[in-house]
Amino acid sequence: MTDTTITETAVTITIDGQPVEVAEGSTIHAACVEAGIDTPTLCWAENLTPVNVCRVCVVELEGSRALVPSCSRPAEEGMVVQTDTPRVRHSRRMVLEFLGSGVDLSQADDLHHWIKAYGADPDRYGTDGHPVERVEEPVKVQDELYIRDYSKCVLCYKCVEACGDDAQHTFAIAVAGRGFDARISTEFDVTLPDSACVYCGNCVGVCPTGALQFKTEYDLREVGEWRPDDQTVTRTVCSYCGVGCNLDLHVQDERIVKVTSPADHSVTSGHLCIKGRFGWQYVHGE
Amino acid sequence: MAAEGAENGADGCQSGCVSFVLRGLAAEDAESGVDGCQFDDMTDIYLGADRATEPEVAAVDAALGARGVDPVVRPETERLYTSGRSRRRERRHFLLPALHALQNAAGWISPGGINYVAEVLDVPPAEAFGVATFYDLFRTEPPDHEGDTFHVCVDAACQIAGYDDLAASVRASGGHVHLGPCLGQCERAPALFVQGSGGRRDYVPADDEPFELPQAGEESLRLLRRIGVADPSSLESYLAHGGYQALRRAGEMGAEAVLEAVAASGLSGRGGAAFPTGIKWRAVAAETGRPKHVVANCDESEPGTFKDRIVMEQDPFAVIETMAIAGLATGAANGWIYIRGEYPLATARLQDAIDAARAAGLLGPDAAGTGHDFDIAIWRGAGAYICGEETALFNSLEGFRGEPRNKPPFPTTHGLFGEPTAINNPETLLNVGDIILEGPDAYRSRGTERSPGTKLLCLSGKVGRPGLYEVPFGTSLGDLLDLAGGVAGNGELQAVLMGGAAGSFVGPDSLSLPLTLEDTRAAGTTLGSGVVMAFDTSDDMTAVVVRIAEFFRNESCGQCVPCRVGAVRQHETLVQMQRRGSLSPARRTLIDEMAEVMVDASICGLGHTAASAVRSALDLGLIASAPSR
Ligand SMILES: Cc1cc2nc3c(=O)[nH]c(=O)nc-3n(C[C@H](O)[C@H](O)[C@H](O)COP(=O)(O)O)c2cc1C
Ligand code: SF4
Ligand code: FES
């Protein structure tokens, strides 16, 4: 989070009637966090450039005809923002409904709370015999490291950003197609081993819906053995090189089932390379 | 790393060694991995094994060579301080012309072709593929037919003119038909555009017919006064009809006086949003220290709109002259014409005009002796309505997917290439010529106080003489229809679509509506891009409205959730209504709820207007509005 104590300029905005001071250049969303106002986000992440495409974070800004995305809109002195008006609630509810009506959100854990809170009912589009187009594609299992299940993809662009400008600079995947047919894809949908992919796993690390999954997790889920509540997380430092990346080892039944890195870690910003992410078999003597 | 790469057989490999090793292991044999690695020629990007064919290479080289682009060659040391990314940015905007070349050469964009373009322009192949798949005119699968593609329009004007007969006759003569959105030829519906393959050029059969402007030669014409009078292919003819007097006059006045005149004229944008041009230009002029741009938005893809096409085809010098005035006023040296790919004649006429003007010193350094440098390049779109949205247009031109950007920041500070940009519709620009020549007061003598000047209107559908008309703002809808020969078909007006698919329907009781920005707004409708499309009582409005909903479903860029999903759900709901012959109250409410989120939370104007025509048709009772109907 932004440290306001050492910045030169601060701006004050009003959110839901309450004045909030944030450093210049902060977003409205950051100001909401500062004010303790819980705001749903989906395509936003602290370690990625905001793309403001999901629109679940919209707020009402005085003087603006349409709602504005809080995740990307810079806070400007004197702004008056409302986060809980009927208009805001309606848009957030509809965005969640739209998403749920088109893709499988069963593993988008962060959204479940909001779907409930806003009373979103994704099933109402298909009632009364109305056909509803959904994204339905077979799971891509092309290697031993991760899987891609695009019927769970909400097109938040996070994986594309992590693969590209925001972390890895590999550019193995991009958005292809247009409209409802848009999908995350390699060139001509070639398999990941045939693409530029370097298997850093940073795309998996940022995916909010389970569309991208480590193969270890996918395999356990397939047999009904993925039990997050039984897992421990141990923080350690990667032993491969001298950079000093923090690793969080997710362990279930005394086996590593997933490796992540804290998004706020100064070295990694949550991103790793293939070795830190996947090179842990030796721990189990393999 | 280099040593590691060499050990694995990829001599000089500079990056991606981990991926190389992994790929080598994952691939059937390590050999293919080595072949695929192209790091030895110093690009930062990984390319697969597919190679371009000779015709593909030749087509791309010719297209890029014509624009002065050589392949990337880069000494190793340079790479240390110039990141791949910044290098890529420099040439990325040649992606669209390169993809056009591939499509035209082979009838599709092949993996080998993408790899070649990726290598030459230093663009990752996944991104080049993502761009190629954004556009209707590009195919990324091998064509299942020989020869050219015959694009037949299925939007409203062509729908009621019976596009299926046209499609059937093309098929009967062995042509491959592709049904698609509005081709901007609504006055001569049903419309056809032929996309060439195997190096053959694109063409529009109707362009061979002699052109006729309904009001040709009439005294009252301002913007259209040269059309049908001057020869659009001749600079001499343009000069003989008053051409380049406005630019010379602007040079004498100086930028500040031009800005003042434009502001005083009350001119507002004709591209649909009606933003005051004077304010826009003033904002760009105020920016200093960075390159600046003038963009003519010639994407014209709003269903029902064809005015810009006719202006560009019949008076191309006027477009480039007035762009130069915009450059002078705003201090921008770079002019860009972004024109939709389905306008081959307009593209050719504009290119010829640019070449002739440049040869005569009317473009280039010290253009027309104004002391201001200004030149123009043409970029062709490739079939995407959304690329007419100004920020989507910038992305498209820059070689990215045509996805709109969030605003702010606005184009006046962060436009093309992130630099200050004045983007205008060609009709807006044309007005500036007259404002300079006759002065803002005389200009304001036409039209109304809040809508000064004249307006170009695209008359199509069931009118006696469809075509392009110019009338002063304030003319009533009924008078305009009379001017165009009155209601045709069965003679009984059912509705008029105002402003295109993004606009709204009005009923026969609106004939006295004065056509001004303020009156149409007050009446809950819009002039938009100047579409006035008439329907008689025999037209199936349900079919028309369902198609409008399908248009938005197909044309949404897919970036933001309200529009990507909302446009699909809206279309599905209307298809069901069509099937059942009625719309339940619950579904009617749902349409409003979906409209509300599209208007409130979409990123751009496409989502904001996607429900507008649909809802107006429901409100007017043009389509099944209650179970009883
Ligand atoms: C979906 C969409 C499509 C658009 N298409 C066009 C177009 O084809 N031509 C155009 O001039 N403006 C179009 N616009 C409006 C432009 O964004 C922009 O407002 C206009 O080019 C500004 O020029 P003006 O001020 O001269 O009107 C479109 C807007 C949207 C939202
Ligand atoms: S409103 Fe539609 S067209 Fe515009 S950015 Fe969103 S998805 Fe794309
Ligand atoms: S989190 Fe703000 S638009 Fe997605």
Side-chain angles (χ1 to χ4, degrees), chain A residues 42 51-56 58 66-67 69 72-73 87 90-95 98-99 101-102 124-125 127-133 143 154-155 157 163-165 169-182 185-188 190-191 193-199 273-275, chain B residues 16 18-19 22-23 26-27 36 44-46 48 84-85 111 114-115 118 124-135 140 384 386 401 403 406 408 553-562 564-569 572-573 576 584 586-587 590 593-594 596-597 599-603 608:
Chain A
L42 178 58
V51 287
N52 54 242
V53 296
C54 78
R55 319 303 279 186
V56 78
V58 287
L67 303 176
S72 66
R73 186 66 179 260
R87 270 176 78 197
H90 176 77
S91 276
R92 291 180 179 180
R93 170 171 72 99
M94 293 297 287
V95 163
F98 278 168
L99 284 172
S101 73
R124 67 172 170 145
Y125 299 89
T127 55
D128 192 20
H130 275 251
V132 170
E133 186 181 349
D143 52 72
V154 292
L155 273 186
Y157 289 53
C163 185
D165 284 342
H169 285 87
T170 290
F171 304 96
I173 47 173
V175 182
R178 195 172 74 196
F180 199 78
D181 297 331
S185 179
T186 57
E187 62 276 16
F188 296 92
V190 299
T191 63
D194 279 337
S195 78
C197 177
V198 297
Y199 285 91
C273 81
I274 183 172
K275 290 174 280 188
Chain B
V18 173
S19 83
L22 198 116
R23 192 167 299 105
D44 277 345
I45 50 178
Y46 172 81
R85 192 180 130 100
I114 285 262
N115 279 347
E127 290 199 358
F129 179 75
V131 171
T133 53
F134 192 83
Y135 298 99
T140 49
I386 189 58
R401 290 164 55 78
E403 293 170 354
N406 209 66
R553 174 185 188 149
N554 293 345
E555 298 299 328
S556 164
C557 83
Q559 184 182 205
C560 68
V561 176
R564 175 177 81 235
V565 186
V568 172
R569 299 290 171 255
E572 288 166 347
T573 303
Q576 281 304 306
S584 70
R587 290 279 155 175
L590 189 58
E593 290 188 14
M594 295 194 285
E596 197 183 326
V597 65
V599 169
D600 252 356
S602 293
I603 292 180
H608 296 159

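- Both the backbone and the side chain of A:D128 have a heavy atom closer than 4.5 Å to some heavy atom of chain B.
- The closest donor-acceptor contact from the side chain of A:R55 to the backbone of B:V561 lies at 3.5 Å or more, if one exists at all.
- Residues A:A172 and B:A126 share a closest heavy-atom pair of O-CB, 3.2 Å.
- In terms of non-hydrogen atom pairs under 4.5 Å with chain B, the most contact-rich of A:P69, A:A66, A:S91, A:A174 is A:S91.
- Taking chain A as the reference chain and counting heavy-atom pairs below 4.5 Å, the highest number among B:P111, B:C560, B:G130 is found for B:P111.
- Nearest heavy-atom pair across B:P562 and A:C54 is CD-O, 4.3 Å.
- With hydrogens and angles disregarded, no donor-acceptor distance shorter than 3.5 Å links the side chain of A:H130 to the backbone of B:E572.
- Counting heavy-atom pairs closer than 4.5 Å to chain A, the top residue among B:V597, B:D600, B:T133 is B:D600.
- Using a distance-only test at 3.5 Å, with no hydrogens or angles considered, a donor-acceptor pair links the side chain of B:R569 to the main chain of A:E133.
- Using a 4.5 Å cut-off between heavy atoms, A:N52 contacts chain B through both its backbone and its side chain.
- Formation of a donor-acceptor pair under 3.5 Å by the B:R401 side chain with backbone atoms of A:G177 is found in this model.
- With contacts defined as side-chain heavy-atom distances shorter than 4.5 Å, the pair A:V53/B:R564 does not qualify.
- Closest heavy-atom contact between B:V565 and A:S101: CG1-OG, 3.9 Å.
- Neither the backbone nor the side chain of B:A128 comes within contact range of chain A; no heavy atoms are under 4.5 Å apart.
- In terms of heavy-atom pairs under 4.5 Å with chain B, the best-connected choice from A:R93, A:R92, A:R124 is A:R124.
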Apply side-chain hydrogen bond (donor to acceptor under 3.5 Å, both in side chains) to A:E187 and B:Y46, showing your working. CA-CA 11 Å; A:E187 62 276 16; B:Y46 172 81; over 6 Å; no

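- Only the side chain of B:I114 comes within contact range of chain A, judged by heavy atoms closer than 4.5 Å.
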Verdict with supporting geometry, A:S185 and B:F129, side-chain contact (heavy atoms from CB on, under 4.5 Å): CA-CA 9 Å; A:S185 179; B:F129 179 75; 3.9 Å; yes

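- When the candidates A:V58, A:V154, A:V175 are compared by the number of heavy-atom contacts under 4.5 Å with chain B, A:V175 comes out ahead.
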